[in-house]
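Data block below; observations after.
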Amino acid sequence: MSRDHVQSAERTVDSAEAPFLELLARGASADAYEQPVLLARAEGRPPERIAALEQAKLLALRVRSEIEGRRRREAELSALFETAHDLAGLRDLDAVLRAIVQRARSLLGTDVAYLSLNDAARGDTYMRVTEGSVAARFQQLRLGMGEGLGGLVAQTARPYVTDDYFKDERFQHTGAIDAGVRDEGLVAILGVPLMIGPQVIGVLFAADRRARVFEREQIALLGSFAALAAAAIDTANWLTETRSALDRLGRANEIIRDRSSVIERASDVHDRLAELVLRGGGVHDVAAAVSEVLDGTVEFAEPGDAPTAALEASRAEGHAVRHGDDWVAAVAAGGELLGTLMLRGHPGLDPVDQRTLERAAMVTSLLLLARRSASEAEQRVRGELLDDLLDARDRDPRLLRERAARLHADLDGPHVVLAARLDATAADADQEAAARRRLWSAASHLAATRHGLAAAREGGTVLLLPLGPGDTATTLARRTARDLGTAVREGVTVGASAPVEQLAARPDAVVAAYAEGQRCLEALRLLGRAGDGAAAEDFGFLGLLLAGDRDISGFVDRTIGRVVTYDERRGTDLLRTLEAYFACGMSPARTKDDLHVHVNTVAQRLERVGRLLGDDWQSPARVLEIQLALRLHRLSSAAPH
């Protein structure tokens, strides 16, 4: 079909829409929308004209129906705003609960205060907020209904108090709960129910690490705090529902305001994309054109730079999908993911604009495929240069720099050598060869876009990528594993070397760095971390064995350096407390016996350690590294200087 004929057809469509747009503008009744069609038939207009009018009529009636529906829903908006106003003073729920627990601990003068919430799905109650607690096992307790003092409060909706927990037989003792209470060193405990109407939703506690009798006024005071906590939770739940409804109504109003210009924008973007294809534009030209039409920011991004879940959903469904306030449209061809178009800051995207973004993604994939054949030759050249560096065939620095410059690579800057390998094992040799080719193709494309080199090597792929500002070998390895895995749709494991420089003058450094990257790759596979990326620095003490240099002092400083410095400057005994804590099975109650101090002293020291090392210092992985660092520090301190 000629361009003139296409433009004529478009003018026919535009002229068919005009009478219905006028009807929409003056709010005509539904019956009035039949008049343009009846008039055209009475005048004996051509069938295509009548068909165009029928189509425009149906579209206009849909727009009219949506406008009326939105107007009806707007009537509910004032009531929702009144509800939001009543709850406007509510802070973040976690902050409110923490403040209540902190105030309860302070006013009752207890060592610990904590709050648990009921889990209806599991039929138990779990710790939500703690204040003054230092034992990891206690902070992770779950109490079945009727188990322990808290379980009894949650089950009976009545407050309970005990001045000596382990001697009290009124409630059911369990091994797990008693062990957690014993680790924390608690003796006297008071628990009151959190209630919304007749329903118990949790328990608020105050506890001491010594025997104590709670007075009636203190029980009443904690009950008042429990009422505040329950009210805050109830108000937050209602506030969340109200805000959600307001968001939906706001998006609906935006759609109504934009509806009149949607068809015009769709026609405009169609013309622009067609022109770009005809004159050989690039992917960023497509993004710029769509940005202007949609009045937003549209960006082309590599697969690894887009939200993984949204990108995979768009790829599977063949449609753009929403991610927060953004929209993601996969750019794919023949089952291969080439990239993504991302529309930023448009949460209420019109369905027609959504289809516009999808068409732009399709045009982008066509442009990328058209340039692929030219890039394959460049990929082979990049692979040959990296092969020469790995085999040390060409030792003339000038020639190496010239070859790299033609590929827009700078061998004198800091680089990281990465060894990459597919995780899955193919069913036969042909499938395995095809999988390796996909990996090499994806790695070559990644190297070209980041001014690096890539080559197939020893059943996998090796990459030489520049280290950008703010990057580390670790972040580069993880990003590369994610990008390659997304591109080939399989898990890819990547081991990285430490950064190396001046590669043109030191080609042997590439060989050594590749060997280090392979060692990290094998370590990841042996540790069950297939599909991940890492450098030697990520393996903690094991990294000392993987790296070329044995940086023991650096490992100790990274792990417990802040505690060592604190002890040296303040004359404290945090290191000795840590060693005793681990030796006593991470139980503050047993640690205080070993150190001959009060359990509160142990708790205060461990709180200080937590502030120095971070909240996750008692996780299994951190505990292992901290114990290794403590032992190495002790050995280095005992060694003669």
Side-chain angles (χ1 to χ4, degrees), residues 283 300-305 331 336-339 368-369 371-391 393-394 400-422 435-469 471-490 492-501 503-504 507 509-511 513-514 516-518 520-521 533 535:
V283 295
F300 174 79
E302 298 298 326
D305 296 332
V331 177
E336 181 180 357
L337 188 61
L338 304 176
L368 290 173
L369 289 175
R371 287 160 176 74
R372 170 167 291 184
S373 57
S375 67
E376 288 178 351
E378 181 182 331
Q379 291 173 3
R380 287 193 293 272
V381 174
R382 291 180 184 275
E384 290 169 359
L385 176 56
L386 184 52
D387 280 334
D388 288 346
L389 287 170
L390 289 170
D391 298 334
R393 295 173 184 165
D394 191 345
L400 289 173
R401 289 190 182 95
E402 289 179 357
R403 293 172 64 187
R406 288 194 291 270
L407 298 171
H408 305 289
D410 178 15
L411 296 180
D412 291 327
H415 284 70
V416 172
V417 178
L418 304 110
R421 190 175 301 169
L422 291 167
R436 290 179 180 177
R437 284 194 298 271
R438 289 197 304 272
L439 176 61
W440 175 80
S441 176
S444 298
H445 176 70
L446 182 64
T449 57
R450 297 187 180 175
H451 306 294
L453 306 175
R457 199 83 172 180
E458 299 179 10
T461 300
V462 56
L463 299 95
L464 179 68
L465 297 181
L467 198 64
D471 266 347
T472 65
T474 297
T475 58
L476 189 57
R478 290 177 179 169
R479 189 165 62 243
T480 302
R482 184 181 66 247
D483 292 349
L484 294 179
T486 302
V488 302
R489 302 186 70 179
E490 293 185 33
V492 178
T493 306
V494 176
S497 72
V500 289
E501 299 184 72
L503 301 181
V510 181
V511 179
Y514 177 48
E516 182 176 329
Q518 284 183 304
C520 289
L521 171 63

For [X] versus [Y], what's the shortest heavy-atom pair and its separation?
X	Y	value
Val500	Ala513	CG1-CB, 4.1 Å
Val492	Ala420	CG1-CB, 4.1 Å
Gly533	Ala481	N-CB, 3.9 Å
Ala496	Ala477	CB-CB, 3.7 Å
Leu521	Val494	CD1-N, 4.2 Å
His451	Pro466	O-CD, 3.7 Å

Restricting to side-chain contact (heavy atoms from CB on, under 4.5 Å), what partner residues turn up for [X], sequence neighbours left out?
X	value
Ala443	Ala454, Thr461, Leu463, Leu484
Asp410	Asp412
Glu490	Leu422, Ala424, Ala435, Arg438, Val488
Thr475	Asp471, Thr472

Just jot down the side-chain hydrogen bond (donor to acceptor under 3.5 Å, both in side chains) partners of [X], sequence neighbours excluded, or say none.
X	value
Gln518	Glu458, Tyr514
Ser497	none
Arg482	none

Q: To the nearest 0.5 Å, tell me how far His445 NE2 sits from Arg450 CZ.
A: 9.5 Å
**Q.** Reported CG-to-NE2 distance for the pair Leu465 and His415, which is rounded to 0.5 angstrom
**A.** 8.0 Å
Q.
Side chains of Glu302 and Arg479, heavy atoms from C-beta outward: is any pair under 4.5 Å?
A. no
Q: Could you tell me whether the side chain of Ser441 and the main chain of Arg437 form a donor-acceptor pair under 3.5 Å?
A: no
